[in-house]
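Scope of the values below: all heavy atoms of this structure, side chains included, with no hydrogens, waters or symmetry mates. Quick caveat: nothing in here was measured; it's all calculated off a predicted structure. Chain naming here is simple, since letters A, B, ... match the order of the sequence lines and numbering starts at 1 in each.
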Number of protein chains: 2
Amino acid sequence: MRLPTIRDVARTAGVSISTVSLVLRQPQRVSEGTRDRVQEAIKSLEFRPNGTARDLRIRKSGTVGVFLRNLSGPYYSELIGGIEQVATDLSLTPIICGRSVDQEQGSIRLLRERRIDGAIVLDFGISLSELVQYSGPQLPVVVLNRSLPAPLASAYITGVRIDDDGGGYLAGKHLIEQGFLRPAVITGPIEAEASQSRQRGFFQAYAEHGIDPTNVPVIHSDFTESGGAQAMETLLNLGGAIDAIFSANDEMALGVLQTLATYGISVDQIAVMGFDDIPLARYVQPPLTTVHQPMSEVGATAMELLGRAMHGEERIPPRTLSTSLVVRASTPSKARPQ
Amino acid sequence: MRLPTIRDVARTAGVSISTVSLVLRQPQRVSEGTRDRVQEAIKSLEFRPNGTARDLRIRKSGTVGVFLRNLSGPYYSELIGGIEQVATDLSLTPIICGRSVDQEQGSIRLLRERRIDGAIVLDFGISLSELVQYSGPQLPVVVLNRSLPAPLASAYITGVRIDDDGGGYLAGKHLIEQGFLRPAVITGPIEAEASQSRQRGFFQAYAEHGIDPTNVPVIHSDFTESGGAQAMETLLNLGGAIDAIFSANDEMALGVLQTLATYGISVDQIAVMGFDDIPLARYVQPPLTTVHQPMSEVGATAMELLGRAMHGEERIPPRTLSTSLVVRASTPSKARPQ
DNA sequence: GACTGTAATCGAATCGTTACGAGGAGATGA
DNA sequence: TCATCTCCTCGTAACGATTCGATTACAGTC
């Protein structure tokens with residue numbers, strides 16, 4: 001018992017395969033009588049065209065892949081929302097792929113085997129050289145939150161990122177204005193460029209204010225809540241006199257708040273700043289001051305660039321979107337000026 | 001300039017197409033010399049097999065679709081985590097599809113056009129009759145959080161759901177034990193079975209305790225935070241003497257807490273319970289008492305059942321997973337007994 | 001030396017569509 | 001009446017892989 005094919009439809013409608021195909025694609029080009037007969041046959045057989053065969057023939061799938069590191073995390077919801085909105089306008093179906101644990105047969109094979117027409121890649125487990133290899137005129141790629149080498153390695157790769165440097169700078173400036181002059185930094189893994197940039201911008205703000213950033217303690221963590229909590233412990237055990245924490249993302253900042261709470265330290269003693277502005281940031285106690293990333297806009301922009309690339313545009317210049325400061329209660333102004 | 005095909009590889013290696021294919025699939029069955037030559041040709045041409053062609057021929061894609069209503073919401077992260085874990089073991093690639101705004105060309109076409117080998121469906125915008133139509137031995141479906149008609153409409157559909165009735169009952173019992181005897185309920189849209197069941201279980205607990213649930217005010221809302229806030233306003237304006245709110249999900253409960261806060265009403269006066277145990281529930285002030293759904297387990301179970309169905313097992317009985325109570329600060333015990 | 005068995009390789013059909021060029025039937029105009 | 005033009009419809013060759021039965025080469029056996 002096989003599913004009916006276009007051939008079966010043709011037979012029961014008493015027409016040729018080509019005519020059925022034409023009814024499927026451009027009904028107005030078929031005479032009314034024939035069209036009705038074919039459509040009836042389609043209905044009675046419950047025929048549904050085989051997408052794979054179609055894809056093979058027209059060398060397109062109408063599908064773009066979105067590659068994320070992990071699908072969890074509030075971080076991605078908005079991003080995907082932005083992508084979906086634009087994708088709908090372009091008549092494209094985005095499919096979200098989680099991390100490829102296994103290089104050989106993880107979701108990355110959708111990319112390698114050209115089962116998709118375009119890709120938006122956030123997962124930084126997929127290297128740029130890999131992407132250069134897989135990308136091409138038939139499969140352009142938009143990379144998120146990565147710096148791209150100045151002369152693009154491939155004419156079919158571009159990127160969208162947020163201004164991490166600028167965001168870090170905003171954070172630094174805010175803490176300085178609030179009177180915190182002895183900050184510490186909790187950053188992400190070394191290979192995460194984003195947190196590097198955030199730290200750089202942060203340091204620049206302090207440097208401009210005449211404070212040498214080389215004395216600022218820096219702990220490398222892993223972007224998770226528990227990682228942040230642990231990093232804060234480490235900082236406390238170090239025993240330096242710090243009055244503020246800049247965490248390279250919100251999740252770690254949550255961990256920091258927890259550790260501070262268990263030690264009975266309030267944000268008047270040690271202020272806390274995050275980065276990302278995840279939904280939770282508004283809800284924790286105290287609400288977290290942070291740097292807002294326009295994730296939805298990032299998604300929409302990425303999809304827009306991808307759409308253009310899929311229409312043949314080459315060497316599209318990368319975009320950088322700017323961040324904004326969101327002041328909440330975790331960075332209260334220091335009462336007595338020094 | 002076309003991408004190289006298996007034919008090109010065959011030509012440069014001086015062998016037949018079949019041999020190249022054999023090298024690709026079962027290298028050990030090809031003599032060493034030939035194998036080396038072919039592999040070298042593959043490398044030099046940067047040949048990558050076309051997945052679509054392969055799919056067409058072997059009538060499989062190694063891909064399962066996961067259909068969610070919207071990708072946002074903390075709710076789904078864990079679910080997807082559970083699915084991915086099991087999928088990896090089964091050598092399957094899950095792809096996540098957002099809501100199909102447009103029936104004709106949204107992500108649902110992956111289902112209709114059989115571009116996937118199986119589906120896990122949460123999006124309740126996809127009707128059961130549609131699923132019955134699309135499902136089959138080559139494309140089984142697992143439905144999440146829906147009640148299925150007793151004799152399954154299709155041998156290739158099964159389901160995983162949580163015990164909403166039981167969860168509602170747990171909530172009711174807890175509120176009763178804490179001394180809240182005048183509750184109100186904020187529930188979801190009528191078509192959402194889950195919230196109906198939760199309400200039913202909740203009522204049962206009160207009925208067993210001798211309180212007639214028909215007097216309990218019920219407001220239908222939309223599962224969103226703002227919807228919950230508004231529903232709470234409505235309840236307050238109604239002016240009845242209520243001492244507790246049972247919200248059919250956590251997000252609405254957050255809205256309830258907000259409204260109560262703006263009116264200066266504490267949870268000692270009106271207690272609040274949610275349902276789902278989203279990550280945020282732990283962080284709001286006061287932390288929200290709620291009913292925990294084992295989402296990760298739901299995902300893993302769904303994927304497990306789907307895997308079995310894809311191996312040919314028919315009429316797999318649906319599963320129901322149980323919930324558990326998570327007591328936090330939003331339902332303090334009523335000090336003075338009546 | 002003829003026969004059998006095995007391993008390596010190949011040719012051709014097939015999966016289910018799309019799309020191009022050609023053919024046939026009427027209609028139109030000279 | 002014949003040539004020309006439309007409008008429908010059809011046959012057939014792709015698309016790029018897999019797969020099965022056939023063929024060849026060569027070693028081993030009696």
Side-chain angles (χ1 to χ4, degrees), chain A residues 1-39 41-42 45-62 109-110 112-117 136 138-139, chain B residues 1-39 41-42 45-62 109-110 112-117 136 138-139:
Chain A
M1 195 210 76
R2 237 177 54 274
L3 271 79
T5 72
I6 199 174
R7 172 176 241 100
D8 300 316
V9 175
R11 192 158 355 141
T12 59
V15 298
S16 76
I17 292 180
S18 349
T19 302
V20 177
S21 177
L22 208 57
V23 170
L24 251 35
R25 293 172 294 116
Q26 309 178 48
Q28 77 284 359
R29 280 186 42 191
V30 177
S31 73
E32 199 181 323
T34 317
R35 185 176 34 196
D36 288 352
R37 221 154 7 107
V38 170
Q39 277 165 345
I42 288 179
L45 293 178
E46 295 194 328
F47 165 76
R48 279 167 286 130
N50 179 312
T52 307
R54 177 166 199 277
D55 288 354
L56 175 61
R57 183 58 234 242
I58 68 176
R59 298 144 154 276
K60 276 202 178 82
S61 72
R109 88 195 157 84
L110 300 182
R112 192 180 42 235
E113 297 173 357
R114 302 193 293 297
R115 233 178 287 242
I116 52 183
D117 295 344
Q138 300 308 320
L139 171 31
Chain B
M1 196 210 78
R2 237 177 54 271
L3 271 77
T5 72
I6 198 173
R7 171 176 242 99
D8 301 316
V9 175
R11 192 156 357 136
T12 60
V15 298
S16 76
I17 293 180
S18 351
T19 303
V20 177
S21 178
L22 208 56
V23 170
L24 250 35
R25 294 173 295 114
Q26 309 178 49
Q28 78 286 357
R29 280 187 39 191
V30 177
S31 74
E32 199 180 325
T34 315
R35 185 175 38 202
D36 288 352
R37 221 152 10 105
V38 170
Q39 277 165 345
I42 289 179
L45 293 177
E46 295 194 328
F47 166 76
R48 278 167 287 132
N50 179 313
T52 306
R54 177 167 199 276
D55 289 354
L56 175 61
R57 182 60 234 247
I58 68 176
R59 297 146 154 275
K60 276 201 178 80
S61 72
R109 88 194 157 84
L110 299 183
R112 190 179 42 234
E113 297 173 356
R114 301 193 293 296
R115 233 177 288 240
I116 51 183
D117 295 343
Q138 299 309 320
L139 171 33

CZ of B:R29 versus P of C:dC10: gap in Å, rounded? 14 Å

From B:I17 atom CD1 to B:R7 atom CZ, the distance as rounded to the nearest 0.5 Å: 4.5 Å

So B:D55 and A:E113, do their side chains get closer than 4.5 Å, heavy atoms only? no

Both B:V30 and A:S21 contact DNA chain C. Which one's nearest nucleotide lies toward the 5' end? B:V30

Which ones in residues 52-59 of chain A lie close to DNA chain D, meaning a heavy atom under 4.0 Å from one of its atoms? A:L56, A:R57, A:R59

Beyond-backbone contact of A:R115 with A:R109, side-chain heavy atoms, under 4.5 angstrom: yes

Quick one: does A:T5's side chain get under 4.5 Å of A:N50's, heavy atoms only? no

So, for A:R48 and A:L3, which heavy atoms are closest and what is the spacing to 0.1 Å? NH2-CD2, 4.3 Å

Quickly work out the B:E32 CD to C:dA7 P distance and round it to whole Å. 17 Å

What is the distance, to the nearest angstrom, from the CG atom on B:D117 to the C1' atom on C:dC15? 15 Å

Do A:V30 and A:V38 make a side-chain contact, defined as non-hydrogen atoms from C-beta onward lying under 4.5 Å apart? no

Distance-minimising heavy-atom pair for B:L24 and B:I6: CD2-CD1, 4.4 Å

Grab the CG-C1' distance between A:L22 and C:dT18 for me, whole Å please. 10 Å

Between A:G14 and B:L24, which has a closest nucleotide on DNA chain D that is more 5'? A:G14

With a 4.5 Å heavy-atom cut-off, do B:R57 and B:R54 have their side chains touching? no

Under 4.0 Å from any heavy atom of chain B: name the first and the last nucleotide of DNA chain D that qualifies, 5' to 3'. D:dG16 to D:dT19

Is any side-chain nitrogen or oxygen of B:S18 closer than 4.0 Å to OP1 or OP2 of C:dG11? no

Short question: side chain of B:D117, backbone of B:K60 - any donor-acceptor pair under 3.5 Å? no

Could you tell me the separation between the CD1 atom of B:I17 and the P atom of C:dT14, rounded to a whole number of Å? 16 Å

